Amino acid sequence: MTEKPFLYVVVCAAGVACDVSKLIARAQERGWDVGVIATPLALNGFFDAAAVEAQTGRRIRSAWRSPGDPRPFPAPDAVVVAPATFNTVNKWAAGIADTLALGTLCEATGLGVPVAVLPCVAGALAAHPAYRDSLTRLRGMGVRFGDPYEGGTERDGGRAEFGWERALDLLRPE
Ligand SMILES: Cc1cc2nc3c(=O)[nH]c(=O)nc-3n(C[C@H](O)[C@H](O)[C@H](O)COP(=O)(O)O)c2cc1C
């Protein structure tokens with residue numbers, strides 16, 4: 001039996017993370033085995049960790065393993081970052097690896113693994129020049145970005161649809 005390709009889903013601390021199960025379900029339907037890596041803040045209440053662990057059949061990773069421990073996940077065939085925060089995008093572009101999520105992202109492009117990102121960043125933050133520079137730098141490394149998303153206003157009747165499946169579409173070869 002052929003093993004399924006392994007997808008890392010990196011989850012950051014943005015409000016839409018509460019729906020990350022939608023992305024996992026679509027990825028599994030497309031034949032991916034999924035492991036979730038959450039930033040420490042995302043793991044602190046932004047989504048239902050127990051439900052995600054039941055859905056993937058794997059513990060969520062957020063911290064580095066101890067030196068003597070085996071690698072908890074297989075090597076990735078692809079990486080998706082969804083939702084990606086302003087904070088994580090800027091630190092990733094700067095080469096900062098002070099969370100497992102960031103360390104994984106900093107390494108992924110060097111390994112030649114395709115990486116797709118769905119940012120969830122409010123317009124006021126996205127206007128910061130450091131963010132624009134980060135996008136330029138990461139795109140130059142081959143990272144693929146979905147269209148900007150900043151959520152809907154309460155006046156609109158809530159958030160616009162995040163479109164989780166876009167991340168999987170971005171992984172397809174051009
Ligand atoms: C309820 C809530 C929702 C948030 N939503 C977003 C968001 O959509 N995008 C974003 O960039 N930051 C958002 N933040 C701020 C991030 O959580 C904060 O910048 C944090 O440092 C990100 O950490 P991480 O990148 O390690 O996950 C939100 C914070 C809270 C409390």
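Counting begins at 1 with the first residue of the sequence. For ligands, and for the atoms within them, numbers begin at 1 and follow the listed sequence. Bear in mind the structure is a predicted one, so any value in this text is a computation, not a measurement.
The aromatic rings of F73 and F6 lie tilted to each other, with the angle between the two planes from 30° to 60°.
A salt bridge does not link K22 to E165: none of the charged side-chain nitrogens sits closer than 4.0 Å to a carboxylate oxygen. The existence of a salt bridge linking R172 and D169 is confirmed by a sub-4.0 Å separation between a basic side-chain nitrogen and an acidic carboxylate oxygen. Between R58 and D33 there is a salt bridge, with a side-chain nitrogen of the basic residue lying less than 4.0 Å from a carboxylate oxygen of the acidic one.
At a 4.0 Å cut-off, at least one heavy atom of L41 sits close enough to ligand 1 to count as contact. In this structure, G15 counts as a contact residue of ligand 1, since one of its heavy atoms falls inside 4.0 Å of the ligand.
In T39, the part holding a heavy atom less than 4.0 Å from any atom of ligand 1 is the side chain.
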With side chain to side chain contact (heavy atoms under 4.5 Å, CB included) as the test, would you mind laying out the steps for L105 and V81 before giving the verdict? CA-CA 9 Å; L105 294 176; V81 195; 3.4 Å; yes
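The shortest N/O to N/O separation between A13 and ligand 1 falls below 3.5 Å. Considering backbone and side-chain N/O atoms, A84 never comes within less than 3.5 Å of an N/O atom of ligand 1.
Distances below 4.0 Å separate heavy atoms of C120 from the following atoms of ligand 1: 7 (C), 8 (O), 9 (N), 10 (C), 11 (O). Numbered from 1 in the order shown, with element, the atoms of ligand 1 that lie under 4.0 Å from a heavy atom of F86 read 11 (O). Below 4.0 Å from some heavy atom of C12 lie the following atoms of ligand 1, by number and element: 27 (O).
Taking every heavy atom of both residues into account, V113 and P76 meet most closely at CG2-O, 3.7 Å.
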